[in-house]
Structure formats: C-alpha cells, structure tokens
Amino acid sequence: MNILILGGGGREHALAWAVKQNPKCDRLIVAPGNAGIAAIAECADIDILSGTTVVTFVEENAIDFVIVGPEAPLAAGVADALRAAGVLTFGPSAAAARLEASKSFTKEICDASGAPTAGYARFTDKATAVDYVRRTGAPIVVKADGLAAGKGVVVAMTEDEALTALDDMFGGSFGAAGAEVVIEEFMEGEEASFFILCDGTDVLPVGTAQDHKRVGEGDTGPNTGGMGAYSPAPVLSDEIARRALEEIVKPTVAEMARRGTPFQGVLYAGLMIKDGAPRLVEYNVRFGDPECQVLMTRLGAQALDLMLACAEGRLAEAQVNWAADHALTVVMAAEGYPGAYRKGTAIRGLDALPEDSFHMAFHAGTAERDGAVVATGGRVLNVTARGASLREARERAYAMVDAIDWPEGFCRRDIGWRAL
Ligand code: AMP
Ligand code: GLY
C-alpha cells in the first residue's frame with residue numbers, strides 16, 4: 001500500500017522507519033520530512049495544516065493510508081477532511097483532539113468519567129484568578145487553556161510565581177490559548193507516559209516511557225520539549241498500567257464515544273504516580289516526541305499493522321508481540337536550546353553510524369545542504385538504541401553520540417538515570 005506520514009521531526013522519522021520495514025508498505029511519502037527521512041522515504045513539501053491540500057495530494061498520489069504525526073494538523077481538522085474524503089486515516093478528529101487542545105475540556109471529561117486527576121478551577125477573568133491563588137497558596141499549577149507549544153504550564157512553587165504566570169497569560173503572552181486559564185492542585189509523585197491505541201471503542205496499550213523535560217543533567221534548568229526518553233518505564237508497573245487503563249483511559253474513551261466524538265488514534269496519557277495510584281496530568285492526542293522513537297524501536301514493523309487495525313476499528317482482535325527489550329534515546333540539541341540557538345551548523349560522522357534494529361539516529365531538525373547534513377532546529381538528532389537491558393541500550397546510544405562530530409551540539413549524559 002501507499003502510505004503518507006504527516007510531519008517532519010524525529011517522531012515522524014521513527015514512524016517512517018518502522019512502517020518502511022513492513023512488507024505491506026510499497027510507497028512511503030513523508031510531508032514535509034527532513035534530511036534523515038529523505039534517506040528512507042520520499043519527502044513532499046506541502047501545507048500539512050490544510051485539509052484540502054492534504055486530500056488533493058492523497059488523491060494525486062493514490063495514497064491508501066495516512067498517519068498524522070503532530071497535534072497541529074489534528075487540531076486543524078486534517079483527519080476529519082481525510083475521513084470525509086474516504087481516506088483511511090490514523091489520528092483523531094478535531095473534536096476528539098480537544099483532549100490535547102483544551103486543558104479545561106480534558107478536565108470536563110475527567111469530571112464526567114470519574115478519572116482521577118488534580119483538583120482544578122477555570123478562569124476567564126484575571127481578578128478572580130488572582131483572588132483564587134491568594135486564597136489557595138502555593139505550590140500551585142497555572143495553565144493556559146489552549147495549545148502553547150508546551151510552554152503554557154507554570155508549576156509555581158511560590159504565590160509570586162503563580163501571580164506572574166497569571167499576568168503573562170491574561171496579558172496575552174499565549175494569544176488566544178491564554179484567554180482561559182486552568183489553575184490546578186499541585187500533584188506530587190513520579191511522572192510517566194502511557195501510550196494507548198484507541199479505535200473509538202476498544203483500546204490497546206502500546207508501551208510506556210519516561211522522558212527528561214529539563215535541559216540540564218540531574219533534571220535542572222529550563223523545560224524543553226524533551227531531552228531523552230526510555231521505554232519501558234519501570235515506575236509504570238503492570239498493575240499501575242492496568243489501573244490507569246481501567247480508571248482513566250477506558251472511561252475517557254467511553255465518554256468521548258457517548259458524546260458522539262469517538263477518539264481514534266493514539267492517546268498519550270501523562271500520569272503522576274504516587275503510592276501505587278496513577279492520576280492524569282494531561283492527555284496528548286499523538287505519539288510523544290521523543291517517546292515515539294523508543295516505542296517504534298521496540299515495536300518495529302508491527303507498528304504499521306497496529307495503526308491499521310486502529311484506523312479500521314479492529315483493535316479488539318489486535319495484539320502487540322512484545323520482546324523483553326529496552327530502548328533509550330538521547331536528544332542532541334543545538335547549543336543554546338531551549339533559548340536562542342544557531343542554525344546551519346554542519347553535523348559529521350552520521351554515515352559511519354550503525355543502522356540496524358538495535359541502532360538508529362533519527363533526525364529531528366536537519367536539512368541537507370551541498371551534500372552535508374546541517375542542523376535546522378533546536379532539537380536536532382534522536383540517537384536511539386535497543387538492548388536486552390536499559391543499561392545496554394544506554395551504552396549503545398552514548399557510543400553513537402560519541403561518534404557524532406558536531407561541536408555546536410550538546411546532549412544530557414544522564415538519560416535513564418531514574419531507572420538505573
Ligand atoms: P502538561 O503540559 O499539562 O503536561 O504540563 C507540563 C508539566 O508540568 C507536566 O509534565 C508536569 O511535570 C507538570 N505538571 C502539570 N500539571 C501538574 C500538576 N497538577 N501537578 C504537578 N505537576 C504538574
Ligand atoms: N515529549 C513530550 C511530548 O511529546 O509532548
């Protein structure tokens with residue numbers, strides 16, 4: 001079959017790498033793709049936020065299946081446009097993507113389905129929100145309601161920080177995303193991510209992971225999109241995963257179906273685990289980036305069969321063939337990230353890296369210029385390895401990192417520390 005993947009980061013490189021290994025895949029196009037993806041698939045520079053453009057492209061190229069990587073096209077209704085045109089699609093409708101696009105919507109669904117999560121209040125008016133923070137005190141969590149590229153959440157350890165966050169959000173720093181603010185109870189515990197395919201009715205867990213959000217070693221410094229990840233996440237034991245599925249995920253999926261907006265795609269549940277009980281921090285409606293890289297490394301070619309079963313409503317009969325393996329990915333970023341960073345610096349040594357089912361350097365933000373690979377983003381490479389143990393996966397990943405010649409890049413040297 002002919003397959004189109006939308007997106008151009010490390011997540012989409014990992015999806016393409018897994019899909020490409022499946023004999024069902026004849027032709028693979030990734031839009032827009034990147035320099036690493038171009039080595040294994042065709043890349044097409046089209047506007048992936050326009051449903052009309054994507055549908056036209058699909059018709060012109062006889063595409064049989066579309067996999068939507070990032071949240072922006074989902075929130076923009078691209079999956080709706082594709083399904084309306086009769087195209088088999090992996091990814092939720094815009095209505096179901098509200099589970100990521102609106103924090104207050106997610107809270108409403110948690111209330112309706114009884115899913116455990118932090119207590120909260122919603123505000124559209126600054127004075128009332130300030131009054132609430134003064135009465136409640138810190139620590140407290142302040143969130144812009146809408147999509148804010150991961151920057152709309154302030155975990156305030158002091159009342160002053162919370163009040164500054166309210167100034168920013170109601171002051172328009174996040175545009176329309178900050179017109180409504182959700183203030184939450186601060187939850188203690190250990191965070192982990194749980195990925196579940198949902199076909200609207202049935203659910204199938206496809207792995208757990210833990211990422212490293214802070215830029216610096218020992219989880220210090222500013223927040224990033226993620227500096228590394230590993231799977232499985234030992235803190236998400238079978239019993240906790242079972243509880244999360246029964247108490248959080250299944251009730252959510254049932255409530256979405258009851259509302260006439262069934263969720264079809266991958267649900268990424270961010271969980272806070274304390275005293276053996278999971279609570280929901282947030283949902284995303286797509287694979288995590290870089291969590292997808294470790295999940296795909298472990299799932300391999302079967303990922304395509306699972307996503308097809310999901311899109312065709314056949315999850316009840318699908319199953320994952322797990323190996324007793326571990327995967328770990330190290331993000332290499334451009335110096336300065338998550339602040340201002342240089343673009344266009346050359347990366348050498350990539351050609352000499354091993355590329356097999358145990359080793360893969362996924363590209364997140366690269367382009368090819370005059371035959372050389374150059375960095376084009378903040379997070380640039382996701383150096384990923386698999387092993388029989390997490391330690392082995394980690395040794396393999398860092399051996400690859402050490403073989404990459406990129407003086408303007410950096411990475412954390414402690415990915416996996418919590419689990420090791
Ligand atoms: P979110 O974008 O909702 O995942 O929030 C970003 C990060 O903020 C999460 O990964 C948590 O580390 C933290 N966070 C969000 N909500 C809470 C909460 N209620 N209590 C503690 N930490 C939180
Ligand atoms: N790594 C976090 C995310 O994809 O949202």
Side-chain angles (χ1 to χ4, degrees), residues 7 9-12 14-15 69-72 74-75 97 99-107 110 115-122 133 136 138-157 161-162 165 169 174 177-178 181-195 207-215 219 222-231 233 235 266-274 278-296 329-331 333 338 362 364 378-379 382 384 412 415 418:
R11 167 180 47 215
E12 289 75 26
L15 287 167
E71 64 276 18
L74 295 168
L99 284 173
E100 174 164 357
S102 168
K103 311 248 182 225
S104 60
F105 176 74
T106 298
K107 288 299 197 185
C110 286
T117 184
Y120 74 103
R122 306 159 62 161
V133 165
T136 315
I140 196 164
V141 182
V142 182
K143 302 185 175 184
D145 179 63
L147 289 177
K151 297 189 178 80
V153 174
V154 175
V155 179
M157 299 316 284
E161 280 174 74
M169 287 175 197
F174 299 99
V181 167
V182 176
I183 301 183
E184 286 185 12
E185 164 204 357
F186 172 77
M187 292 189 285
E188 282 177 24
E190 190 170 351
E191 275 188 270
S193 307
F194 191 23
F195 296 86
T208 64
Q210 230 167 349
D211 77 351
H212 300 63
K213 288 209 166 82
R214 304 297 188 117
V215 74
D219 292 336
N223 258 318
T224 70
M227 293 301 292
Y230 54 91
S231 172
V235 62
V266 60
L267 200 54
Y268 160 171
L271 303 173
M272 191 68 84
I273 296 154
K274 186 163 180 268
R279 286 207 282 171
L280 183 73
V281 179
E282 61 155 359
Y283 280 129
N284 294 305
V285 299
R286 46 163 178 91
F287 283 111
D289 191 348
E291 292 88 334
C292 185
Q293 289 78 316
V294 286
L295 295 179
M296 290 304 132
T329 187
V330 178
V331 172
F362 295 114
R379 291 190 296 169
N382 310 136
T384 311
R412 276 179 62 165
I415 301 306
R418 252 178 223 284

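Both ligands and their constituent atoms are indexed starting at 1 by order of listing. These numbers come from a predicted model, not from an experiment.
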[atom2] on [Y] to [atom1] on [X], rounded to 0.5 Å:
| X | Y | atom1 | atom2 | answer |
| --- | --- | --- | --- | --- |
| N284 | F195 | CG | CZ | 8.0 Å |
| Q210 | I415 | CD | CD1 | 11.0 Å |
| Q293 | S231 | CD | OG | 12.0 Å |
| Y230 | E291 | OH | CD | 11.0 Å |

Taking 4.0 angstrom as the limit and counting only heavy atoms of [X], give me the atoms of ligand 2 inside it, by number and element.
| X | answer |
| --- | --- |
| G288 | 4 (O) |
| D211 | 1 (N), 2 (C) |
| E291 | 1 (N), 2 (C), 4 (O) |
| G225 | 1 (N), 2 (C) |

For [X], atoms of ligand 1 separated by under 4.0 Å from a heavy atom:
| X | value |
| --- | --- |
| K213 | 10 (O) |
| V155 | 8 (O), 13 (C), 14 (N) |
| A118 | 19 (N) |
| E282 | 1 (P), 2 (O), 3 (O), 4 (O) |

Between E188, E191, K103, which one has a non-hydrogen atom sitting closest to atom 12 (O) of ligand 1? E191

Looking only at non-hydrogen atoms, which of E185, M187, E100, K143 approaches atom 3 (O) of ligand 1 most closely? K143

Compute the shortest N/O to N/O distance between R286 and ligand 2 and return yes if it is under 3.5 Å, no if not. yes

Are any of the N/O atoms in D289 less than 3.5 Å from those in ligand 2?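 Yes, since at least one N or O of D289 sits under 3.5 Å from an N or O of ligand 2.
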
Student check: side-chain heavy atoms of K103 and V153 closer than 4.5 Å: yes

Got R412 and R214 here, is their nearest side-chain heavy-atom distance under 4.5 Å?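 Result yes, sub-4.5 Å side-chain heavy-atom pair found.
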
Between E282 and K143, does any side-chain N to carboxylate O distance fall below 4.0 Å? no

Would S104 and D145 count as having a side-chain donor-acceptor pair, cut-off 3.5 Å?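 Note: S104 and D145 side chains meet the donor-acceptor criterion.
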
One residue to check: Y268. Relative to ligand 2, which of side chain, backbone, both or neither has a non-hydrogen atom less than 4.0 Å away?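 For Y268, only side-chain atoms sit under 4.0 Å from ligand 2.
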
Quick one: does G226 get a heavy atom under 4.0 Å from ligand 2? no

Taking side chain to side chain donor-acceptor pair (under 3.5 Å) as the criterion, tell me which of N382, D211, T384 meets it with T329.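 Answer to the side chain to side chain donor-acceptor pair (under 3.5 Å) test with T329 among N382, D211, T384: T384.
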
